[in-house]
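A short worksheet on the structure shown next.
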Amino acid sequence: MRLSAVKGTYDVLPDDQPRWRALLRSTAEVLGRAGVDEITTPVFEHLEVFEKSVGESADLVVQKEMYTFEDRGGRWLTLRPEFTAGVLRAYIEHGMYTWPAPVKLWSAGPAFRAENVQRGRFRQFHQVNCELIGGRSALLDAEAIALLVDTLRAAGLAGVHVKVGSVGDVDDRERYNAYLRQALAPVADELSEVSRERLRLNPLRVLDSKDARDQALLARLQRPLDLLGPEARAHFDDVVAALRRWDVPFEIDPAIVRGLDYYRFTAFEVHHAGIGAQSALGGGGRYDGLVANLGGPDVPGIGWAFGIERVLDALHGEAVALPGRQRPLAYLVPLDQEAVGEVAALARALRAEHRVEHGYVARNPGKGLRDADRAGAKVAVLRGARERADEHVVVKDLRSGAQQRLALRALAEHLRSVERSEPNPDEAPRHGPESAR
RNA sequence: GUGGAUGUAGCUCAGUCGGUUAGAGCACCGGAUUGUGGUUCCGGGGGUCGAGGGUUCAAAUCCCUUCAUCCACCCCA
């Protein structure tokens, strides 16, 4: 049987690479200006890193969807299903709690979950992750949300919908769960099967129901936001005030819910309408207590992640112009055997400044120009016996068809002027978050 | 784990009352054009019709099984 990529994995082909690079470049720019430094952590960690991060309530599902294996040394290792746990492990391991707070870190790379695939959901997927660690201020919550929005905008996305809510503290959550059980008990028979099951296992998640009748029943109920304690309420109000002051567009979602229970206070999601059922581009929240769970000091933090595949999907849907594969400025055609070596040496010199390709076997001009055309070059440079006689090359502009004989030593300057007159789109400066607004 | 749709050339697809050597467009190679490309014209290579089994004189087509892909459910760090 023919070999194929593993289910849920895929290849990023050359034509797609510039889109990835552009997204990561603008991300690094926006986050860097905000004082967020990049950190790269391993793609696998000790199983315990993820076990401890999800805590006791480690949903069986969550465990089941981790790629865990035993290595030859008998260590139980897990391919990261998310970034936060690994980044916090590094934060603790390197004593970053002694650095001036807050410590701001971002990362990008693959993550792995053994899920069933559908649009926007893969088994190896890629995320950009950002953590602001070591501060309780609501300004950090607002900054995190603003950075997520700014990053997506800098990537060129317009149609992002930001939902902000709060899951409160531990007491708030317990209180709301109790309220839900009590409020829904009388109408349990009218709930969908899925929601009845959720009510039993994890009442909060009933709020996520996609069933219209469920939502009708829920409409009369109080939302988590309505039952927040005074501390969480004040924190949330501060976050909202900061976002409004900064003109960050968002809507309050009083029913926002997180699957894992390490989240405290602020929770947020960013959605996009054009990417199918998995409409979340990303999301995040505050996780006071997580660092302590992982064996570090009791340091609070807030973080988010977005899915690179989903953002690229959304960009495609918005028909945002994205760079394609880079094309050579010049393609050098050897017209005889001796010229093969000559153009190779010439290309090597010209590559100090430009993308230059060349043929590896002697071609007649017809074939050679076709090669140059297919390579997508702006100009073709021909070299054969006639040119060798007086140290010239023939330079042909493949767009206009204009052709000239040029002294070999004048070629570099000529190519420079071609490049100046029509810069490669991939090298053109991209707009920043300001111009995207 | 569940449901639906789809699997035919490198890519996008046509081809079902079962009936010659299975087609198109794009891509690729060659020629028209042995020192001038991209347009055009002519020609060519390329197929276990996802796989296995069955029915039939005859299967891409009908039946069974299986695998894969996509979308959705479930779940969602």
Side-chain angles (χ1 to χ4, degrees), chain A residues 1-10 13 15 49-55 57-66 78-88 111-123 125 127 129 192-195 197-198 201-202 205 208-211 257-263 267 269 275-280 282-285 287 290 303-307 310 331 333-336 339 359 362-387 394-403 405:
Chain A
M1 196 181 148
R2 207 169 158 185
L3 296 177
S4 60
V6 174
K7 186 188 189 75
T9 70
Y10 61 95
L13 299 175
D15 278 341
V49 171
F50 301 110
E51 276 181 342
K52 288 185 176 173
S53 75
V54 292
S57 80
D59 268 12
L60 325 103
V61 179
V62 166
Q63 290 274 6
K64 212 167 59 183
E65 294 195 344
M66 296 199 302
T78 298
L79 299 181
R80 67 181 173 209
E82 52 138 354
F83 281 69
T84 303
V87 171
L88 294 183
F112 307 83
R113 297 179 193 172
E115 296 187 280
N116 280 311
V117 298
Q118 69 185 82
R119 183 172 180 183
R121 171 177 286 182
F122 307 90
R123 291 185 175 173
F125 57 102
Q127 287 189 330
N129 181 268
S192 69
E193 198 177 328
V194 169
S195 289
E197 185 67 7
R198 283 173 173 173
L201 297 173
N202 187 359
R205 297 224 53 245
D208 271 347
S209 174
K210 294 178 182 176
D211 188 286
V257 163
R258 296 278 81 167
L260 291 193
D261 61 357
Y262 60 61
Y263 284 103
E269 294 172 359
I275 59 173
Q278 301 299 313
S279 66
Y287 45 73
L290 224 198
W304 50 255
F306 67 77
R310 292 185 187 181
Y331 185 98
V333 178
L335 295 178
D336 59 26
R363 291 291 238 175
N364 63 47
K367 291 286 192 301
L369 285 167
R370 193 181 61 180
D371 293 343
D373 185 56
R374 289 184 186 186
K378 288 194 180 70
V379 303
V381 177
L382 276 51
R383 171 78 173 186
R386 293 183 196 169
E387 290 73 24
V394 168
V395 178
K396 179 158 187 171
D397 183 310
L398 290 173
R399 188 90 45 89
S400 67
Q403 181 171 311
R405 283 173 60 77

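Each chain gets a letter, A, B and so on, in the order its sequence line appears, and its residues count up from 1. Worth saying up front: this structure is predicted, and the values here are computed from it rather than measured.
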Sugar-phosphate, base or nothing in reach of Arg258(A), heavy atoms under 4.0 Å: sugar-phosphate
Produce the list of close N/O pairs, under 3.5 Å, pairing protein atoms with atoms of nucleotides 70-74 of chain B; give distances to one decimal.
residue : atom : partner   : partner atom : Å
C71(B)  : OP2  : Arg119(A) : N            : 2.8
A72(B)  : OP1  : Ala277(A) : N            : 2.7
A72(B)  : OP2  : Gln118(A) : NE2          : 3.3
A72(B)  : OP2  : Arg119(A) : N            : 3.4
C73(B)  : OP1  : Lys210(A) : NZ           : 2.8
C74(B)  : N4   : Gln118(A) : OE1          : 3.3
C74(B)  : N4   : Arg121(A) : NH1          : 2.8

Results of salt bridge (charged side-chain N to carboxylate O under 4.0 Å, His left out) for Arg123(A) - residues two or more places apart only: none
Pairwise P distance for G45(B) and U6(B), with rounding to whole Å: 33 Å
Pairs touching residues 362-371 of chain A that satisfy side-chain hydrogen bond (donor to acceptor under 3.5 Å, both in side chains), sequence neighbours left out: Arg363(A)-Asp371(A)
Nucleotide N/O to protein N/O under 3.5 Å, stretch nucleotides 40-47 of chain B:
none

Separation of the C1' atoms in C67(B) and U16(B), to the nearest angstrom: 23 Å
Who pairs with C73(B) - Watson-Crick or G-U, where each distance is under 3.5 Å: G1(B)
Any donor-acceptor N/O pair under 3.5 Å between G37(B) base and Asp373(A) side chain: yes
Touch class at under 4.0 angstrom, heavy-atom based, for Lys396(A) against every strand present: base
Rounded distance in Å between the C1' positions of U61(B) and U40(B): 39 Å
G43(B) and G3(B), which share atom name C1', separated by this distance in whole Å: 50 Å
Non-neighbouring partners of Arg405(A) that pass salt bridge (charged side-chain N to carboxylate O under 4.0 Å, His left out), sequence neighbours left out: Asp390(A)
Residues which pass salt bridge (charged side-chain N to carboxylate O under 4.0 Å, His left out) with Arg80(A), listed by chain and number, not counting sequence neighbours: none
Phosphate contact (C29(B) OP1 or OP2) by Arg374(A) side-chain N/O below 4.0 Å: yes
C1' gap between G18(B) and G30(B), integer Å: 39 Å
Watson-Crick or G-U wobble partner of G25(B), both distances under 3.5 Å: C11(B)
Sugar-phosphate, base or nothing in reach of Ala85(A), heavy atoms under 4.0 Å: nothing
C17(B) pairs with, by Watson-Crick or G-U criteria that keep both distances under 3.5 Å: none
Sugar-phosphate only, base, or nothing, as touched by Glu387(A) at under 4.0 Å among non-hydrogen atoms: base
P spacing across the pair C62(B) / C70(B), given as an integer number of angstrom: 25 Å
Polar pair under 3.5 Å, donor/acceptor by atom type, side chain Gln403(A), base G35(B): no
